[in-house]
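Just so you know, residue 1 is the first one in the sequence shown, and it goes up from there.
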Amino acid sequence: MESDDRPPPLKGVVIITLPPPDNPSLGKTITAFTVSDPALPSIAHTPQTHSPEPRNHLPVHLPHNPAIRFSLRRLLLGNPRAILGFLGISLFAFILYSSVFSSALRELRGREDEDGPRSFIFPLLPKSGNGAVSGGDVELKLGRFVGFESHRRIAEAIGGGLTDARGSKLNKLAASKNNMADSSTVLPVRGNVYPDGLYYTYMLVGSPPRRYHVDMDTGSDLTWIQCDAPCTSCGKGANPLYKPKSSKILPPKDSLCKEVQRTQTTGYCPTCRQCDYEIEYADHSSSMGVLARDELHLRAANGSLAKLNVVFGCAYDQQGLLLNTLAKTDGILGLSRSPVSLPSQLASLGVINNVVGHCLTSDTIGGGYMFLGDDFVPNRGMSWIPMLNSPSVNFYHSNIVRMKYGSSPLSFGQQDGEVGRVVFDSGSSYTYFTKQAYSHLVALLEEVLDSGLVQDASDHTLPICWRSELPLRSVKDVKHFFKTITLQFGSRWWILSTKLHIPPEGYLIISNKGNVCLGILDGSEVLNGSTTVIGDISLRGKLVVYNNVNERIGWAHSDCIKPQRYKTPLFST
């Protein structure tokens, strides 16, 4: 009869609610409760005397009902099957929670390396929006530091006034390297050229770390995120504004502050109470703010964690088209050659070799990956060109000797015997030719009218669009009407030179009207009109590497699905 006196077995239930796919920052909800005999009190019927907790709180709280605690204890002490069931449910919930919570950091992190971490990979994530030229919302960064207005500073805005960190020694970049010398990082990439017009990744900043989405930009020096300082003009953003502490604001005496202000028209300000900056981009948008230093959390390709103090911009005033692109991002990830760029800072810490790479898929769905460090550079199959070394320009640029559309030459505006300049810029959605090369290309493209395509002036997605008899679904439907564009580097001898081939998929898009549009634009007003800018549209389907150690730029064809690590030395000369 003793067994008959026992209450019926209880069942443990764990409910895990995942965040919506379009907004993972909302977090997850984990709820654990028990279901007992109707005669016993249950959580569902327990009177609540306190407000329910937000759904995005992660901790699992034990029930406060004493009857339920008693029933649970009797269950565990008197029923072996119930014990196993309860442990099984708990283990399953823990594994699922752990895997979901850490997936954003561990995705595509590469193979484990017995010798320690060697690579860091960042994800590029999609941005909603439209990159149409008609609205003027086209990514074209290539930022430069300019002067700032003294009356727009925020010296009294944070913590009662910004100072020189009140004597704090902030001249060391690293707080903790976590034994990550000579390492790299890799994370997955998502995004597309059209209609999103942007590729971005995320950073984990602060303590506790918070996620911020940043536009991947090899044409920008400074990494910055929008911050509440307070914010004079900020976009909607993907995440809450970064809230700096006064101790995190960079003092003017810091070497990186001197580096940033050295290139501004107003020059270095040693008497200022903080380090102000202002950046103007090629699309005439701008960002103004103050430099800060805070913890950046990185996970290496083999899973090791690093917590590093890095300098970035606390941006409180954005103007121009930049505000439109901030609908799903919080700022910009500066990847140039500048000492203040993120890869340069990590290299100065000895964390990575100063190498940056990205690989954007060629399909319309988009995606790929980006990495910092040299572990993901192939040992063979790369085409390399020398990187121009200019003390005043931090772009990734090189000389170009010839351009062709098919077999027809394109003049890029130089005199006979002279060379042109080309910049590789992941912050630009489209490719920009010099006025002469663009005019020649447009004239040569008139031949596609013989194939049945008709120019459609009513489609304002891009300056030149053609319609077919039926709406087009893919560039593959019309690629045979177009030819490959070839950029020739190094030697004027065709056999000895290095060539970058841009197939029709590398300069055409399909608009939402079903037309095919030219993704090469007139660069008359870009970099004085004398430079060709290779943007994302022409970098897709290629692994592109910027090797600041050996000062060269390289590329190789790739599906950009998953990065591959290489253990042998990569940069032998």
Side-chain angles (χ1 to χ4, degrees), residues 22 124-140 190-200 215 283 321-329 360-368 405-406 427-433 438-485 502-526 533-541:
D22 59 344
L124 298 189
L125 309 172
K127 177 191 83 72
S128 63
N130 194 322
V133 169
S134 59
D137 185 10
V138 175
E139 285 285 303
L140 177 59
R190 298 180 183 89
N192 54 65
V193 171
Y194 181 85
D196 294 343
L198 181 68
Y199 292 91
Y200 71 87
D215 183 350
D283 57 11
L321 300 177
L322 186 59
L323 287 171
N324 298 335
T325 64
L326 289 171
K328 288 293 183 179
T329 59
L360 311 178
T361 61
S362 57
D363 56 51
T364 56
I365 298 177
Y405 173 74
S428 295
S429 304
Y430 298 102
T431 290
Y432 294 79
F433 279 3
Y438 178 76
S439 298
H440 289 177
L441 176 63
V442 171
L444 292 171
L445 287 174
E446 290 184 359
E447 66 183 25
V448 303
L449 301 177
D450 298 333
S451 64
L453 296 177
V454 178
Q455 190 164 343
D456 187 355
S458 67
D459 191 342
H460 301 291
T461 302
L462 289 169
I464 300 179
C465 295
W466 300 272
R467 70 172 183 269
S468 182
E469 293 182 0
L470 297 175
L472 301 172
R473 303 182 62 182
S474 170
V475 173
K476 294 180 180 179
D477 297 336
V478 291
K479 63 175 295 184
H480 53 283
F481 298 143
F482 298 85
K483 300 175 183 177
T484 295
I485 296 174
I502 305 176
E505 296 93 333
Y507 62 86
L508 299 173
I509 66 164
I510 302 299
S511 72
N512 56 13
K513 286 190 171 185
N515 294 334
V516 58
C517 300
L518 179 62
I520 296 177
L521 308 180
D522 184 356
S524 299
E525 298 182 2
V526 179
V533 179
I534 306 299
D536 291 335
I537 190 172
S538 302
L539 297 175
R540 296 177 300 174

Considering only heavy atoms from C-beta outward, does the side chain of [X] approach that of [Y] to under 4.5 Å?
X: Phe482; Y: Tyr507; result: yes
X: Ile464; Y: Gln455; result: yes
X: Val193; Y: Arg540; result: yes
X: Leu539; Y: Tyr199; result: no
X: Leu462; Y: Ser511; result: no
X: Val516; Y: Cys465; result: no
X: Asp522; Y: Pro463; result: no

**Study point:** Stepwise side chain to side chain contact (heavy atoms under 4.5 Å, CB included) check, Leu441 with Ile485
**Key:** CA-CA 10 Å; Leu441 176 63; Ile485 296 174; 4.3 Å; yes

Point to revise | By side-chain contact (heavy atoms from CB on, under 4.5 Å) - contacts of Thr361 (at least two apart) | key: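 Here the qualifying residues are Asp363, Cys560, Ile561.
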
Point to revise | Ser538: partners by side-chain contact (heavy atoms from CB on, under 4.5 Å), with sequence neighbours left out | key: Thr431, Ile502, Ile534

[atom2] on [Y] to [atom1] on [X], rounded to 0.5 Å:
X: Leu198; Y: Asn324; atom1: CG; atom2: CG; result: 12.0 Å
X: Leu518; Y: Ile537; atom1: CG; atom2: CD1; result: 8.0 Å
X: Leu453; Y: Leu472; atom1: CG; atom2: CG; result: 7.0 Å
X: Ser451; Y: Trp466; atom1: OG; atom2: CH2; result: 9.5 Å
X: Ile509; Y: Thr461; atom1: CD1; atom2: OG1; result: 6.0 Å
X: Leu321; Y: Asp283; atom1: CG; atom2: CG; result: 5.0 Å

Point to revise | Side-chain ion pair, Glu505 and Lys479, N-O less than 4.0 Å | key: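 Yes, charged N to carboxylate O under 4.0 Å.
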
**Study point:** Minimum heavy-atom distance Cys517-Asp459, with the two atoms named
**Key:** SG-OD2, 4.1 Å

Point to revise | Minimum heavy-atom distance Tyr438-Ile520, with the two atoms named | key: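 Distance-wise, the nearest heavy atoms are CE1-O, 3.2 Å.
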
Does any N or O in the side chain of [X] come within less than 3.5 Å of the main-chain N or O of [Y], such that one atom is a donor and the other an acceptor?
X: Tyr194; Y: Asn512; value: yes
X: Ser429; Y: Gly197; value: yes
X: Lys513; Y: Ser458; value: yes

Check your understanding: Which salt bridge (Lys or Arg N to Asp or Glu O under 4.0 Å) pairs, counting each pair once, include a residue from residues 440-451, with sequence neighbours left out?
Key -> Glu447-Lys483

